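These figures come from a predicted structure and were not determined experimentally.
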Protein chains: 2
Amino acid sequence: MPRPISDVTEAELAVLQVLWDRGTATIRQVTDIAYPQGRASDYGTVQKLLERLREKGHVSRERRDGAPHLFAATLDRDGLIGRSLQTMAEKLCDGSMTPLLTSLVRTERLSAEDRQALRRLVDELDGKGDRS
Amino acid sequence: MPRPISDVTEAELAVLQVLWDRGTATIRQVTDIAYPQGRASDYGTVQKLLERLREKGHVSRERRDGAPHLFAATLDRDGLIGRSLQTMAEKLCDGSMTPLLTSLVRTERLSAEDRQALRRLVDELDGKGDRS
DNA sequence: TTGGCTTCGAGACATTACGTCTGAGGCTCG
DNA sequence: CGAGCCTCAGACGTAATGTCTCGAAGCCAA
């Protein structure tokens, strides 16, 4: 039983990016931005993508009478990042995110400021109880 | 143009895990571990998966005469993790890994030891030049 | 040698995901 | 009324993925 999954696909992500940028948008607006070539069928494509994103719970829709539906992302960029990292941890690290963290710190060329920020973040966590 | 990608698929990952655990293995050995149900066709399945992994350059094969081919992973777990993080950064963060890092530190319930280890890692980086 | 086993290589196959496209119907506005 | 949007729903082609099968070849034991 073959079944590739990815929660948010390539084209869906392009749509999400527009919503992230603009906050809210109509299908027409998303289409104009995400498909500048302006094919006739692009509108329908975007509509389908928004529909699927809505089924997944990542996008909400506001009905307005006399005006086109207004769409907004319910999953923001950070949310998607967290979600993806979680999935990745489950697949590759038995659920633990620590290996990902280690890999990132090792790989990333962190500037001095980055390192400072990171240290501050950790200190912050130290403060907030959870001192296990 | 539809084209979902993932570099390493679900089934391929299962095969890789076996190679990571055992170091090297024959098709038969991988099959026995990854497909305990023991269908007749599983051998062929594993063979195909190994072939595809080899095309992607993630697995190497050693010919031995008189004995079945011996397979080994050329991409280890950390390598795959780094690779995946990289892909993710490109898709979601314009190539920068910093947002991933921040998200991880925020999300992960880091124990005191984890935090210590992380601090040490950062200090280590501070030492090694690259003090931009 | 024959028969049976395993391996190897290659390809066929069914199912699904994904992106795209189309048509029917409804509404508004001129 | 007609034109032009919008919405809903579904169909479609292509590709990916996992599975399955086949023919050829090698090895070993009887």
Contact list please: residues 13-32 of chain B against DNA chain C, heavy atoms, distance less than 4.0 Å, in numerical order.
Ile27(B), Arg28(B)
Check whether any side-chain heavy atom of Thr45(B) sits under 4.5 Å from a side-chain heavy atom of Tyr35(B), and report yes or no.
yes
Considering the terminal five base pairs at each end of the helix from dT1(C)-dA30(D) to dG30(C)-dC1(D), what angle separates the two local helix axes, rounded to 10°?
10°
Side-chain donor-acceptor pair present, Arg83(A), Gln86(A), cut-off under 3.5 Å:
no
If you round to the nearest 0.5 Å, how far is CG of Asp123(B) from CG of Leu118(B)?
9.5 Å
Going by heavy atoms in the side chains, are Leu100(A) and Ile81(B) under 4.5 Å from each other?
yes
Short question: side chain of Asp42(B), backbone of Arg39(B) - any donor-acceptor pair under 3.5 Å?
yes
Considering only heavy atoms, which members of residues 37-51 of chain A lie under 4.0 Å from some atom of DNA chain D?
Tyr43(A), Gln47(A), Lys48(A)
Applying side-chain hydrogen bond (donor to acceptor under 3.5 Å, both in side chains), which residue pairs with at least one partner in residues 70-80 of chain B are found, sequence neighbours left out?
Gln17(B)-Arg77(B)
Met97(B) and Thr107(A), any side-chain heavy atoms less than 4.5 Å apart:
yes
Residue-level proximity of residues 53-65 of chain A to DNA chain D when a heavy atom falls under 4.0 Å:
Arg61(A), Arg63(A)
Give a yes/no answer on whether the side chain of His69(B) brings an N or O atom under 4.0 Å of OP1 or OP2 in dT7(C).
no
Can you confirm whether Val46(B) sits close enough to Arg28(B) that some side-chain heavy atom of one is under 4.5 Å from a side-chain heavy atom of the other?
no
Closer than 4.0 Å, any side-chain N/O of Thr9(A) to the OP1 or OP2 of dA17(C)?
no
In the structure I gave you, are the side-chain heavy atoms of Asp94(A) and Ser96(A) within less than 4.5 Å of one another anywhere?
no
Would you check if the side chain of Thr26(B) reaches a backbone N or O of Gln29(B) as a donor-acceptor pair within less than 3.5 Å?
yes
Please tabulate, for side-chain N and O atoms in residues 50-65 of chain A, each donor-acceptor pair with protein atoms closer than 3.5 Å (sequence neighbours left out).
unit_1   : atom_1 : unit_2   : atom_2 : d
Lys56(A) : NZ     : Asp7(A)  : O      : 2.6
Lys56(A) : NZ     : Glu12(A) : OE1    : 2.8
Lys56(A) : NZ     : Glu12(A) : OE2    : 3.1
His58(A) : ND1    : Lys56(A) : O      : 3.4
His58(A) : NE2    : Asp7(A)  : OD1    : 3.3
Arg64(A) : NE     : Pro68(A) : O      : 3.0
Arg64(A) : NH2    : Pro68(A) : O      : 2.7

First encountered from the 5' end of DNA chain C, between Arg52(A) and Gly66(A):
Arg52(A)
